[in-house]
Each structure stands twice: as C-alpha cells, then as structure tokens.
Amino acid sequence: PYGQRFKSRLLTSDPVTGTPSKGFDEKAYLSAKQLKPGEDPYRQHAFNQLESDKLSPDRPIRDTRHYSCPSMSYSLDLPATSVIITFHNEARSTLLRTVKSVLNRTPASLIQEIILVDDFSSDPEDCLLLTRIPKVKCLRNDRREGLIRSRVRGADVAAAAILTFLDSHCEVNTEWLQPMLQRVKEDHTRVVSPIIDVISLDNFAYLAASADLRGGFDWSLHFKWEQIPLEQKITRTDPTRPIRTPVIAGGIFVIDKAWFNHLGKYDAQMDIWGGENFELSFRVWMCGGSLEIVPCSRVGHVFRKRHPYNFPEGNALTYIRNTKRTAEVWMDEYKQYYYEARPSAIGKAFGSVATRIEQRKKMNCKSFRWYLENVYPELTVPVKEVLPGIIKQGVNCLESQGQNTAGDFLLGMGICRGSAKSPPPAQAWLFTDHLIQQQGKCLAATSTLMSSPGSPVTLQVCNPREGKQKWRRKGTSIQHSVSGLCLENKPGQLATSKCQADAQAQQWQLLPHT
Ligand code: UD2
Ligand code: MN
C-alpha cells in the first residue's frame with residue numbers, strides 16, 4: 001500500500017513499481033491555477049479555494065472509523081475496481097487531492113484505474129495533465145453533459161468488474177475500499193456507500209460524520225440525512241455492521257459493473273445534477289438489490305451551500321425534470337404525493353420515459369408500495385380525508401340554509417332528504433383534510449379560544465389557513481382542532497362544546513356518497 005509517507009515529489013515515479021510517471025509536475029499543475037491577489041476565494045468553487053490550495057495533495061487525515069474497524073479482516077482476493085470521477089471546473093487542488101488520496105490509501109492491486117470524466121471544463125489541461133500520474137485516464141466531453149451521462153460514459157469504458165464513483169472533491173480515508181468491495185464480492189446486488197465525512201468548505205478541516213445516519217427523503221424528493229430508526233439502533237450491537245439505507249446520497253458508492261448495466265445504468269435523459277440518486281436507489285431496491293452504508297468505510301467530501309456551476313436550463317427546472325422522471329417511472333400511484341409536495345412540477349416537460357418504464361417491466365421490478373412497506377415504512381403517506389357525503393344525527397342532517405339579510409351564511413339541521421347517495425345540494429358536504437365544506441363555504445367555530453366554553457358554528461368562505469375552520473373526526477364526534485371542543489347540535493343552533501362521549505347531540509354519522 002502507498003503510505004502517507006510518500007511526499008508529493010516521490011510521485012515522479014510510481015512508489016511501488018518504480019515506473020516513471022511520465023513526469024507529472026505537481027507544483028506546476030497547482031501553481032498555474034492559483035487565486036489572484038484580492039480575488040474572493042469562494043467565488044469559483046463555492047468553497048475556500050485559498051485554504052485548499054495551501055494543503056498538500058498528500059495531507060494526512062485522521063482515521064475517523066470506530067475503534068473496532070481496524071481489526072476487521074477482509075478477503076485476500078478482493079476484486080479490483082475502476083474509480084470514476086466526473087467533474088466540471090473543479091479546483092485543481094481538490095481534484096488532485098481526490099486522486100492522490102485514492103492512490104495513497106488503497107492497496108495498488110485494488111485500483112485498476114482512475115477514470116476522470118471532464119464534463120467540458122473551461123481548461124482541458126485540468127484533466128489531461130493528470131494522466132501523467134500512473135493509472136489515471138482522462139475522458140473529455142465535447143459539450144456539457146451533466147454528471148449523470150458523464151458517469152455512464154466513464155462506466156462504459158471501465159476495465160474492472162467493479163465500479164467506484166467519487167465526487168471530485170473527496171479524500172478517502174484509511175482502508176476505505178476494502179469493506180465496500182467485500183460486501184459487493186459477497187453479493188453482487190449490493191450497492192454500498194461509505195460514511196461520508198465532512199471536509200469543511202471554509203478551512204478544509206476533516207471532520208467525522210455521525211455513524212447513526214442513513215439516507216432519507218420527503219415527498220418532494222428532497223434528500224436528507226436522518227437518524228436510523230430507534231428499533232434498529234437498539235438492536236445494533238455491532239458498530240461495524242452495514243446500515244440498510246432507503247436512498248444513497250448519490251456521489252460515493254461501489255457497484256458491480258454487470259449489475260449496474262443489468263439495472264439500466266442511469267437515466268441518460270437526466271441533465272446536469274440532481275435526482276439520479278433517487279432513481280438509482282428505487283431501482284436497486286425494487287429490482288432485487290439492496291443499498292447499504294458500510295460504517296468501516298469513511299470518505300471525506302466538501303459539502304457546499306450552493307452550486308458553483310451554471311445549469312443551462314436553470315437549477316430549478318433541471319431538478320424538477322430529473323425528479324419528475326423518477327416519480328413517473330418508479331412511484332406508481334404514489335407520484336400524486338410528489339406532485340402535491342412539489343406543485344411546480346405539474347405540467348412541466350420531462351421528455352419521454354417510455355423506454356425506462358419498459359425496462360422496469362422487463363426486469364419485473366416490485367411496486368413502489370412494496371418499497372414503502374419493506375424498505376422505507378418511516379415515510380408516511382400524507383393523510384388526506386376526502387369524504388363526500390352527508391353528516392347525520394338521528395333523522396336530521398347538517399344543512400346550509402341560505403343567507404340572511406345581513407349576508408351571513410346560515411347553518412342548521414333539517415330532515416334528511418333524498419339518500420346518502422344523492423342528497424340535496426344543501427345537505428352534501430365534503431370533508432377534505434381538515435375542512436368541512438360545501439361549495440366554497442366552510443364550517444367555522446367563530447370563537448376558538450381554549451378558555452371559551454363554546455362558540456356558535458357557522459359557515460364562512462373557506463380558507464385552509466384559518467384555524468377556526470379546522471376540524472378532525474374522532475370516533476363519532478367531530479372535533480374542532482384548535483379548541484379541542486366538539487361539534488354539538490344545541491337547540492336552535494350549532495355550536496362547539498366540551499366533548500362528552502355519551503352526549504347524543506355530539507354524535508355524528510358521516511355517510512359517504514359512494
Ligand atoms: C450530491 C452528490 C453528487 C450527486 C448529487 C445529486 C455526494 C457526496 N454528492 O451532490 O454526487 O449525486 O448529490 O445529483 O453524495 N459535475 C459534473 N457535471 C455537472 C455538474 C457536476 O461532472 O454538470 C460533477 C461535480 O464536479 C462533482 C459531481 O459531479 O464532482 C457532483 O456534483 P456536486 O459536488 O456539485 O454535487 P453535491 O455533492 O452537491
Ligand atoms: Mn460534491
């Protein structure tokens with residue numbers, strides 16, 4: 001293995017084989033791209049380039065693994081991997097440190113090659129000059145493709161049976177690769193990620209990330225790190241054991257090349273950045289594989305607060321296009337929750353997904369419902385009660401009674417007419433979410449103070465943000481959410497009142513139309 005003791009000047013030859021490294025001049029490579037005096041060090045890369053440039057490409061970093069990791073042993077014939085790094089205008093110092101950390105901290109036999117895919121950066125030499133380092137190859141796109149198509153391009157030429165993807169501003173840590181290769185060697189359908197440590201974007205300090213996190217998301221397909229569920233945490237006695245994760249962050253993972261190809265690589269119609277991690281994650285789980293985080297593997301990454309590069313179609317539209325393609329292909333009937341959470345995606349163009357859907361069918365993948373039940377039960381489906389029907393008490397029904405001379409909408413009780421299936425319009429109600437409505441008018445408790453003993457209930461123009469109009473069903477009673485009081489049929493008027501389970505006047509039957 002290449003130790004950290006190899007200083008940069010030694011890389012004029014391969015430290016193990018002694019092969020001349022075609023004369024890579026590290027100093028010249030780095031100094032050609034130094035910041036100009038007075039230049040904002042964050043401007044080009046959205047991290048502090050000045051701090052990055054100061055550090056050695058071979059700087060040592062702290063071993064952040066759990067103390068029981070170093071004594072783990074791995075198979076002696078682990079397969080070699082092709083490392084694929086795509087980049088668009090990466091800082092030279094971070095790009096070089098990524099490459100060198102891989103060479104310095106991985107047994108040489110495990111690295112088949114490092115494939116850099118230069119996604120049409122301004123200076124072709126950022127990539128080309130690095131091919132003077134042994135094992136480093138460079139592919140350059142002749143137009144901007146985005147990270148998704150760039151990764152596929154790299155994967156297609158990869159010579160090894162295992163693919164390892166990295167972002168272009170990483171530093172791999174001690175023994176980072178072996179535990180991941182081990183998992184994939186044992187079962188080629190596993191797609192594995194390390195714990196992603198944090199390299200500070202301000203001072204480039206290498207910071208250990210929590211070992212209790214996994215990947216999650218909300219219905220808008222926004223990625224987030226989340227705590228592993230409590231039940232799992234309690235039963236986790238072995239801190240070296242992999243953590244099942246519903247999704248991966250996306251940038252750093254190991255996958256069997258044949259499995260990657262079998263699953264359909266990536267969706268090549270996704271542009272620039274974003275969403276591909278959900279698409280790959282759903283596909284892996286639903287089509288017979290699994291995703292896991294291997295805690296004994298640690299890789300540092302510079303997390304940024306903004307994109308340092310431009311999106312030809314704009315950042316928001318690109319994210320919508322990519323996530324919308326994901327939702328349309330993989331989320332079945334649950335895609336409605338995506339659209340509810342991200343209404344701006346409704347009606348937006350997203351190209352054709354016909355071939356992706358066809359592939360899903362061919363592979364006989366499971367449903368999104370299966371994924372929710374088996375992989376991510378913590379993601380709850382938003383409860384939305386939509387109940388068109390009548391609201392009945394004895395022989396009487398809740399009904400709207402027109403307007404008085406002051407223009408108030410009147411609410412009262414009347415003998416139920418017609419049937420539950422075809423009530424008169426005045427007795428037909430819609431219970432949606434928390435509103436009880438009829439043609440734009442909603443039931444409202446006019447006073448909602450907790451201290452108030454009750455308040456008349458009338459009709460108002462609906463406003464979903466109005467607390468006076470929020471109700472929920474609680475058994476056979478209808479409870480006003482804010483005050484906690486119950487809807488009661490008082491003589492002469494409807495009102496809220498202290499809930500009493502045995503009060504007949506508070507018992508309501510909600511009979512649906514259908
Ligand atoms: C995270 C992932 C990233 C990707 C992304 C969602 C990690 C550590 N990072 O965002 O890999 O999955 O989520 O899409 O999990 N790049 C190109 N061409 C482009 C744009 C970017 O090659 O047009 C490169 C870029 O130089 C970098 C990589 O793609 O090496 C990821 O981009 P990022 O670092 O801006 O994404 P990040 O870490 O915010
Ligand atoms: Mn990144």
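Just so it is clear, the structure is predicted and the values come from calculations on it, not from any experiment. Order of listing sets the numbers, starting from 1, for every ligand and every atom in it.
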*Asks:* For ligand 1, give me the residues whose heavy-atom distance to it is below 4.0 Å, by chain and number please.
*Replies:*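 The answer is Thr86, Phe87, His88, Asp119, Arg144, Gly146, Leu147, Arg151, Asp167, Ser168, His169, Ala249, Gly250, Gly251, Ile272, Trp273, Gly274, Glu276, His301, Arg304, Tyr309, counting any residue whose heavy atom sits under 4.0 Å from ligand 1.
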*Asks:* Please determine which of Asp197, Ile196, Leu201 meets the side-chain contact (heavy atoms from CB on, under 4.5 Å) test together with Phe303.
*Replies:*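 Looking at Asp197, Ile196, Leu201, the match for Phe303 under the side-chain contact (heavy atoms from CB on, under 4.5 Å) is Ile196.
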*Asks:* Please report whether the ring centroid of Phe311 lies less than 6.0 Å from that of Tyr319.
*Replies:*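 No, the ring of Tyr319 stays outside the 6.0 Å limit from the ring of Phe311, centre to centre.
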*Asks:* Do the side chains of Asp271 and Arg321 get close enough for a salt bridge, i.e. N-O under 4.0 angstrom?
*Replies:*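 A salt bridge is present here (some side-chain N lies under 4.0 Å from a carboxylate O).
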*Asks:* Taking 2.8 Å as the upper limit, name the protein N, O or S atoms near the Mn ion (ligand 2).
*Replies:*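 Metal shell, protein only: Asp167 OD2, His169 NE2, His301 NE2.
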*Asks:* Which residues pass the side chain to side chain contact (heavy atoms under 4.5 Å, CB included) test with Arg43, not counting sequence neighbours?
*Replies:*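 So Arg43 forms a side chain to side chain contact (heavy atoms under 4.5 Å, CB included) with Glu39, Asp40.
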*Asks:* Given the side-chain rings of Tyr337 and Trp219, with only the six-membered ring counted for Trp, is the space between their centroids under 6.0 Å?
*Replies:*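 Between Tyr337 and Trp219, the centre distance is under 6.0 Å.
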*Asks:* With sequence neighbours left out, what residues match Asp267 under side chain to side chain donor-acceptor pair (under 3.5 Å)?
*Replies:*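 So Asp267 forms a side chain to side chain donor-acceptor pair (under 3.5 Å) with Arg325.
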*Asks:* Below 4.0 angstrom, N of the basic side chain to O of the carboxylate: do Glu276 and Arg283 qualify?
*Replies:*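 Salt bridge: no.
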*Asks:* Can you check salt bridge (Lys or Arg N to Asp or Glu O under 4.0 Å) on Asp332 and Arg360, steps first, answer last?
*Replies:* CA-CA 12 Å; Asp332 304 330; Arg360 174 178 167 181; 2.9 Å; yes
*Asks:* Taking the six-membered ring for Trp, are Phe223 and Phe217 ring centroids under 6.0 Å apart?
*Replies:*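 No: the rings miss the under 6.0 Å criterion.
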